[in-house]
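First listed ligand is number 1; within each ligand, the first listed atom is number 1. Not measured: the values here are computed from a predicted model. Positions are given from 1 along the sequence.
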Amino acid sequence: MLKKVALGIFAVLLVQISSFAQSNDIIIRTRHVALVLRVEKDHLRQLYLGKALEDDKEYEKISSDNNKPAYSTFGTDNLFSAAIRVVHADGNPSLDLQFVKQENEKINDSITLTGIDLKDPAYPFEVTLYYQAFYNEDIIETWTTIRHQEPASVTLYNFASASLYLNAKDYYLTQFHGDWAKEMQMEQNKLSSGIKIIDSKLGVRADEFNSPCFMLSTGKPAGENSGNVLAGTLAWTGNFRLLFEVDNANQLHIIPGMNPYASEFPLKPDTTFTTPKFIFTYTNKGQGQATRNIDRWARSFGILDGYKPRLTLLNNWETTYFDFNESKLIHLFDQAKEIGVDMFLLDDGWFGNKYPRNNDHAGLGDWQANREKLPHGIGYLVRQANNRGIKFGIWIEPEMVNPESELYHKHPDWILRLPDRPENYQRHQLVLDLSNPAVQDFVFGVIDSLKTDYPPGIAYFKWDCNRTFTDAYSPYLGKNQSALYIDYVEGLYKVFKRVREKYPHLPMMLCSGGGGRVDYGALPYFTEFWPSDNTNPIYRIFIQWGYSYFFPAIATCNHVTGSGDYSIKFKLDVAMMGKLGFDMQINKLKPSEIQFVRDAVKTYNQIKDIVWYGDLYRLISPYKSNKAALMYVSDHKDKAVIFTYLLHEELGDMHLPVRLNGLNADKKYRVKEINLPEGTQSHCPESGHIYTGDYLMTVGIHAPLRGDGSSAVFELTTE
Ligand code: GLA
């Protein structure tokens with residue numbers, strides 16, 4: 001059904017007002033965001049993207065003068081980057097997409113799916129553009145499907161998930177980049193004429209250098225609480241490309257999608273190629289609001305069980321590395337019990353017999369418990385943990401293989417490596433060929449057997465992935481190597497789906513040498529992710545800060561470790577801003593510190609619902625000063641938790657004034673400094689007193705911070 005809807009106006013477009021009403025526009029709308037498309041001369045064009053108008057009828061006044069193709073093609077009259085480029089079966093390199101029809105489906109009261117069919121008038125080649133609007137969360141997901149009925153395969157060269165436009169005088173792009181142990185570093189730059197590309201060519205562990213997340217502000221650089229911001233991210237666990245092109249008329253084209261790099265895709269007739277979802281929000285209230293929109297959407301739709309509790313844990317990686325045995329582990333179970341966490345997580349090193357995993361040279365692929373280290377097997381460990389009232393979780397890296405493994409010798413054809421060239425290792429390992437269904441079965445089997453073989457059951461998995469693609473060649477794909485980057489990820493998703501069909505609520509941590517794989521393609525299958533192998537609390541403040549723009553605290557695993565010469569309180573305060581865990585020898589701490597850890601876990605259990613399910617307000621950025629502060633506010637604004645940090649002391653820092661945000665101005669809140677070591681008193685003058693939200697947001701509180709790496713945490717409660 002072609003639905004007749006009202007027209008739209010684009011707030012950041014310099015538009016001419018037309019007095020002619022249009023009748024062939026399509027409005028994709030949430031509470032505060034509108035994307036309006038118009039059919040003109042049989043082609044679908046973007047008319048408007050921005051803040052939704054109060055009155056939908058007003059959109060019809062917009063002129064078409066500045067509009068752009070809703071999905072730009074290559075080969076006809078487009079002179080800028082194309083969202084889609086194909087070569088037809090007969091060699092014709094052009095594509096013309098004309099509007100066919102639009103359908104709306106109401107998924108529920110607040111989610112609407114719009115599908116718009118486009119077709120080439122000269123070829124049996126069709127594209128459907130999908131827009132899923134989440135009314136309450138102000139999020140739009142957009143993706144496309146591509147199919148044809150030509151006599152032979154059509155080669156797809158470009159296949160973006162969307163093409164969107166903004167029109168403003170200036171554009172500022174905030175990107176998130178880094179490397180191993182310094183993930184999600186933020187940088188904001190002005191875009192100038194021409195093309196800026198942020199991409200990944202890493203295959204797996206694809207986000208290691210660049211994240212598929214960005215914020216784009218128009219007019220002036222984005223502020224936390226002001227400014228027009230489009231925040232977007234691609235839900236794809238492989239190579240991605242975010243392309244930004246400022247054209248001759250100073251319009252900005254945003255073209256996000258899978259990276260077409262070395263990935264021309266031969267699409268057979270009557271098969272559907274689906275691009276990943278591009279997820280975006282738009283707000284005129286700054287980056288903070290964009291984050292809150294994304295977080296709310298993410299908890300409901302973007303991560304697994306986003307409104308269900310998480311398990312606090314003790315991990316043994318930074319404690320033992322590969323050097324452990326049964327009694328060492330059981331001793332750690334006792335420590336986990338002692339500090340009051342929910343679970344023990346056994347990390348790398350527990351498997352391999354012919355090629356024991358005693359270091360990172362051997363064992364990957366052989367997922368049987370090492371008999372020397374663990375003579376009674378995994379089931380025994382599960383029972384020992386459970387007997388102590390804690391759950392048991394385990395580390396796996398099922399996509400990888402060491403040449404020193406039985407798997408390597410048994411299934412040489414399952415491994416990605418170039419024929420006739422030497423193998424190229426990262427961390428002494430190679431990647432298995434997930435485009436091969438037999439390998440998908442194997443990877444699923446790793447989890448499935450661990451789950452079924454050891455009743456009463458492994459309660460948690462940490463799924464790791466510790467190298468990228470290099471020298472990649474799939475024996476399974478043979479002559480069709482350019483499909484590898486995409487087919488690998490599709491194969492991985494098939495495995496994730498099978499795991500979730502059988503174990504829908506099993507908590508799993510997404511890890512990839514730290515944060516090399518944090519995206520909303522994988523996160524719907526995972527309850528949480530490991531942001532970085534860098535656990536030094538000062539670096540972690542920056543890394544966690546970066547992730548906070550796109551990923552909610554409930555999914556962000558922060559562990560207190562031995563890294564960094566800082567107090568246990570500082571480490572705890574930094575870790576408590578997300579999902580708390582530990583990875584340290586608890587019994588090496590002083591008795592007073594152990595007592596503090598025990599108390600802190602109890603404190604965390606009292607505030608965790610606010611951190612996990614509350615709205616985030618970033619207050620002081622570590623990028624702009626020597627301090628950092630942020631707070632979480634509960635849904636009804638009746639509770640809040642504030643985290644404040646002094647990274648490096650400067651003269652005059654002793655009392656850090658922090659103006660709060662997100663409170664109800666009329667409500668009265670009692671301020672209390674929490675997470676203080678036993679016997680110490682708060683030096684915050686406001687602690688213990690009652691203030692209105694208005695006061696706290698205008699005057700603020702004075703966090704008493706002294707010395708490098710000091711911190712204070714506050715709880716606000718209403719009477
Ligand atoms: C990766 C992870 C770490 C740890 C090691 C184990 O680096 O990010 O947390 O699990 O692998 O080898």
Check your understanding: Mind checking whether W395 has an N or O less than 3.5 Å away from an N or O of ligand 1?
Key -> yes
Review point. Can an N or O of F322 be found at a distance shorter than 3.5 Å from an N or O of ligand 1?
Key: no
Check whether the ring centres of [X] and [Y] lie less than 6.0 Å apart, and answer yes or no.
X	Y	result
Y488	F469	yes
Y613	Y307	yes
W317	H559	no
F496	W463	yes
W350	F322	no
Y380	Y454	no

Review point. Tell me, which protein residue and heavy-atom name are nearest atom 11 (O) of ligand 1, and how many Å apart are they?
Key: D464 OD2, 2.9 Å
Review point. How close does the nearest protein non-hydrogen atom get to atom 9 (O) of ligand 1, and which residue and atom is it?
Key: K462 NZ, 2.8 Å
Practice item. Answer yes when D441 and R498 have at least one side-chain N-carboxylate O distance shorter than 4.0 Å, and no when they do not. Key: yes
Run the numbers for me: atoms of ligand 1, each under 4.0 Å from some heavy atom of [X], listed by number.
X	value
W530	8 (O), 9 (O)
C511	2 (C), 8 (O)
G513	1 (C), 7 (O), 8 (O)
D347	4 (C), 6 (C), 10 (O)
D533	1 (C), 2 (C), 3 (C), 7 (O), 8 (O), 9 (O)

Exercise for review: For the pair W367 and W395, name the ring-plane relationship: parallel under 30°, tilted 30 to 60°, perpendicular over 60°.
Suggested key: tilted
Study note, to complete from the structure: Checking heavy-atom distances from atom 12 (O) of ligand 1 to each of D348, T535, L345, the winner is D348
Point to revise | Test item, E397 contacting ligand 1 (heavy atom, 4.0 angstrom) | key: no
Check your understanding: Contact between R427 and ligand 1, counting heavy atoms under 4.0 Å?
Key -> yes
Review point. Taking the six-membered ring of Y566 as reference, does the NZ or CZ atom of K571 fall below 6.0 Å from its centre and within a 45° cone about the axis?
Key: no
Exercise for review: Mind checking whether N466 contacts ligand 1 via backbone (N, CA, C, O), side chain (CB onward), both or neither, at a 4.0 Å heavy-atom cut-off?
Suggested key: side chain
